[in-house]
Amino acid sequence: MLILNSCNQKVEHCLQVDDPVEYVNTLMGTDSEFALSNGNTYPAVATPWGMNFWTPQTNKMGDGWGYQYDAHKIRGIKQTHQPSPWINDYAAFSLMAVTGELKFKEEERQSWFSHKAETAKPHYYQVYLADYDVNVEVTPTERAAQFRFTFPENESSYVLVDGFHQGSYVKIIPEENKVIGYCRNNSGGVPENFHNYFVIEFDKAFSEVQTWNKDELQNTAEAEGYHVGAVLKFKTQKGEKVHAKVASSFISYEQAQLNLNREIGNDSFDSTKEKAHKAWATELNKIKVEGGTIDQQRIFYSTLYRVLLFPRKFFEYNENNEVVHYSPYNGEVLPGYMFTDNGFWDTFRAVFPFFTIMYPELNNQIMEGLVNTYKESGWLPEWASPGHRGCMIGSNSAVNIADAYLKGMRDYDIETLYEAILKNTESYNEEITSVGRYGASYYNELGYVPYNVGIHENAARTLEYAFADYNIYKLAKALDKPQEEIDLFAKRAQNYRNLFCSDNNLMRGKNADGTFQEPFSAFKWGGAFTEGNSWHYTWSVFHDVEGLKNLMGGNEAFVGMLDKVFDLPPVFDDSYYGFPIHEIREMQIMNMGQYAHGNQPIQHMPYLYAYAGQPWKTQYRVREIMDKLYTPNPDGYCGDEDNGQTSAWYVFSAMGFYPVCPGEDMYVFGSPVFDKVTVQLPNGNELVIASDNNSKENVYVQKLTLNGVQWDKNYIEHEALLKGGLLKFTMGAEPNTKRGVSANTYPPSMSTEME
């Protein structure tokens, strides 16, 4: 519901969001495929950071694109833990309703559906299965869910429980209207004893039961094998509703039952739905937006929903209400928190900085989970799902840890985490090279990972290691570590300089003998870089933009290079991959030159104009990206959404600032899209961000005040933000070329900090 009201004397007649949950489109980003990502998302029916999600399944079991918007048929509603189609799913099983002739194989049972007869919200999903005249609804808790099936009049109405492949088990207990079972499907990163145990309770007696094993029906109530399932038959009247309560556990059947009793108990479907709605409303209402267009409001809350999904809670509460977890690293059940399904290569940039502002308690728990991960596996996670996965590069866990500690989150064992960080800097896991630092010995000896020693994506690794080293340097200082150690990481933080080529003002792979790679093309994706080219990675000096700027020859040359990113044609060299990977296509079709917002490495780059005396170009570009590359529709993103990162970029940018450098206590200003944003901070303070004279054309900041005092800097400090108050932008249609132009207004950089 939309209402018009008078917001305050400074911001009048704003379009105000009444219920932000209703503005979330969980289908945003689902119009995606292997060749082209418009988000690579699925409609997650979940509670914030829930252990289990549910989603409709349009594609075959095991397909990373489990739900695609342009599909016509649904095979079931599955429990999912998938963070990304590239990482794929684990611990999935599904429920499906059919009527008439029994069809249990997924290719045969799938039913036509229409988006016109589908409701997709964070807390609720509904779809009409046209082939069976059945309406299916699901609503979640953190570890459980309720289903409601509305059947036609039929002697043969069925609910199918599909345990999926790679090992599953079902046991039907007719006297209790119950099914128990487990599924073991995974895509890696699990111990040998990995199981997802589930319990399903129905409110109607079964008229007949069967199971299947592979493709064979059997007249038994129990089945175990590579791929098994249960067939539950009912006699139903027209409009009769059959309810199912479902819960699961990675620990045991008993724990699954405990999760069910604790989280659902005797609640009705509608009661669970209301609680799930409240869970989302509580979080989404912490940031209230007013003004802007309805589409901008829909994008904002749809992206905020995505930011609040991952990492997932991989812990449970035992019979004594103690926090315990099944370890996806050593297979034991242990005390304490555990989180998973996150790629830090993506989320260190904006998702975790968002948590440091809005969710310090959650971030403390995540840090405790990192302690447990290190104790249980010997390594920090860089990409976990549910255990270590061999994906992406960097040692960005150090960034998340340092940023949290430096911004006041201290309720965990920081000394153990610091020990883990140091281990990362010296070695790597030979079986999973994404863990630790692949090429660490070269990097520590030479100051870079060489191009010609068989380590792929070497330049990208060097740049990311150097940024992590900056965070380690800051953390070592805060922990009062030996000066020699502090100095070591301060020196290594400058290793980005070793790859800078003054011939073209770009980063470039370098051989072990100190010569630059030949031949060199700035447009070549891969090779020295990760899912990008030199035009994307040259800016990965988050911590020392001043140093990078000076290497390029100062403000004018630096701005010229930034401009080139947008002005160059979207040409590319795909020879490393042998074909244009989807990230290449996403850059090419967006018509923004070499700017590739669909992949994460360059997403901070538009904010760098603020470091060189031309903040109005940041304002123009940031608003252009928000207006052009995001919609609240199934094609709403311009590349992989990736665990909330591309969403977090929008959430921050729409509010008017962005964390260019995690580990540094500041945020760089851009161009806010709303007339008013009210942020309820976790410390009890309220931050109001107001924008006078804002419109689609008025993208330029004319004036900025904080609590009535003129604010000339191009950034705001973390502490100032947390104090709350009124941050007021005055906007206009023409750049203010006199504001933010002097060096004392630039955001801090390592080079200026150490002068």
Side-chain angles (χ1 to χ4, degrees), residues 46-54 79-81 90-93 140-146 168-171 173 176 178-184 186 189-201 244-267 271-272 275-276 279 309-342 359 361-377 381 384-387 411-413 416:
T47 57
W49 307 289
M51 189 177 86
N52 304 321
F53 300 169
W54 293 86
Q79 186 183 99
T80 179
H81 305 89
Y90 64 91
F93 64 96
T141 70
E142 286 188 346
R143 299 166 188 84
Q146 291 221 50
S168 47
Y169 168 76
V170 291
K171 180 180 180 180
I173 310 171
E176 298 181 41
K178 181 187 286 189
V179 178
I180 65 171
Y182 65 68
C183 55
R184 303 196 64 200
N186 67 84
V190 301
E192 283 297 315
N193 67 346
F194 173 77
H195 290 73
N196 183 27
Y197 301 94
F198 57 82
V199 175
I200 310 174
E201 296 179 351
K245 297 177 178 179
V246 189
S248 67
S249 167
F250 294 102
I251 296 172
S252 66
Y253 293 117
E254 294 77 15
Q255 183 65 47
Q257 187 69 56
L258 187 62
N259 293 343
L260 183 64
N261 296 344
R262 179 181 285 128
E263 297 190 8
I264 293 181
N266 295 321
D267 284 355
S271 177
T272 297
K275 288 181 179 179
L309 286 174
F310 299 101
R312 93 172 54 255
K313 297 174 180 177
F314 202 76
F315 60 87
E316 305 174 54
Y317 295 91
N318 66 16
E319 64 276 9
N320 298 318
N321 211 34
E322 298 164 329
V323 176
V324 295
H325 65 272
Y326 165 81
S327 172
Y329 302 100
N330 64 21
E332 299 177 20
V333 178
L334 297 165
Y337 291 104
M338 179 63 63
F339 291 81
T340 191
D341 291 325
N342 213 262
Y359 294 98
E361 182 179 355
L362 172 73
N363 221 2
N364 272 312
Q365 294 173 0
I366 293 171
M367 293 303 124
E368 183 185 324
L370 296 185
V371 172
N372 292 331
T373 296
Y374 177 63
K375 288 179 176 178
E376 293 160 26
S377 74
S385 181
D411 296 337
Y412 50 89
D413 182 357
T416 294

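Numbers here simply count residues along the sequence, with the first being 1.
Remark: Glu176 pairs with Lys178 by the salt bridge (Lys or Arg N to Asp or Glu O under 4.0 Å) rule, at least two apart or across chains. Contacts of Val190 classified as side chain to side chain contact (heavy atoms under 4.5 Å, CB included), with partners at least two apart in sequence or in another chain: Asn186, Phe194, Pro386. Scanning for ring-ring contact (aromatic ring centres under 6.0 Å, His included) contacts around Phe93 gives Trp54, Phe198, with sequence neighbours left out. Not counting sequence neighbours, the partners of Glu142 by the salt bridge (Lys or Arg N to Asp or Glu O under 4.0 Å) test are Lys313. Not a single salt bridge (Lys or Arg N to Asp or Glu O under 4.0 Å) links Lys171 to another residue, sequence neighbours left out. Remark: Tyr412 engages no residue in a side chain to side chain donor-acceptor pair (under 3.5 Å) (not counting sequence neighbours).
Atoms CG and OH, on Asn321 and Tyr317 in that order, are 7.5 Å from each other to the nearest 0.5 Å.
Taking every heavy atom of both residues into account, Val246 and Ile264 meet most closely at O-CD1, 4.4 Å. Here the closest heavy-atom approach between residue Glu376 and residue Ser327 is recorded as OE1-OG, 2.6 Å. Across Ala46 and Phe53, no two heavy atoms sit closer than the pair CB-CD2, 3.3 Å. In terms of heavy-atom proximity, His325 sits nearest to Pro335 at CE1-O, 3.3 Å.
Panel note: side chain Arg262, backbone Glu319; no donor-acceptor pair is recorded below 3.5 Å. Checking side-chain atoms of Arg184 against main-chain N and O of His195 turns up no donor-acceptor pair under 3.5 Å. Looking only at distances, no side-chain donor or acceptor of Asp411 sits under 3.5 Å from a matching main-chain atom of Asn364. Side chain of Gln146 to main chain of Asp267: a donor-acceptor pair is present (N/O by atom type, distance under 3.5 Å, no hydrogens or angles). Judged by distance alone, the side chain of Asn320 and the main-chain N or O of Glu322 form no donor-acceptor pair under 3.5 Å. Between the side chain of Asn193 and the backbone N or O of Gly331, at least one donor-acceptor pair lies under 3.5 Å. Within the 3.5 Å criterion, the main-chain N or O of Ala144 finds no donor-acceptor partner in the side chain of Asn259.
When each of Gln255, Gln257, Glu316, Arg143 is checked for a side-chain hydrogen bond (donor to acceptor under 3.5 Å, both in side chains) with Ser249, only Glu316 meets the rule. Of the residues Tyr326, Tyr169, Tyr182, the one that meets the side-chain contact (heavy atoms from CB on, under 4.5 Å) test with Tyr197 is Tyr182. Each of Asn52, Thr340, Asp341 was checked for a side-chain hydrogen bond (donor to acceptor under 3.5 Å, both in side chains) with Arg312, and the lone residue meeting it is Asp341.
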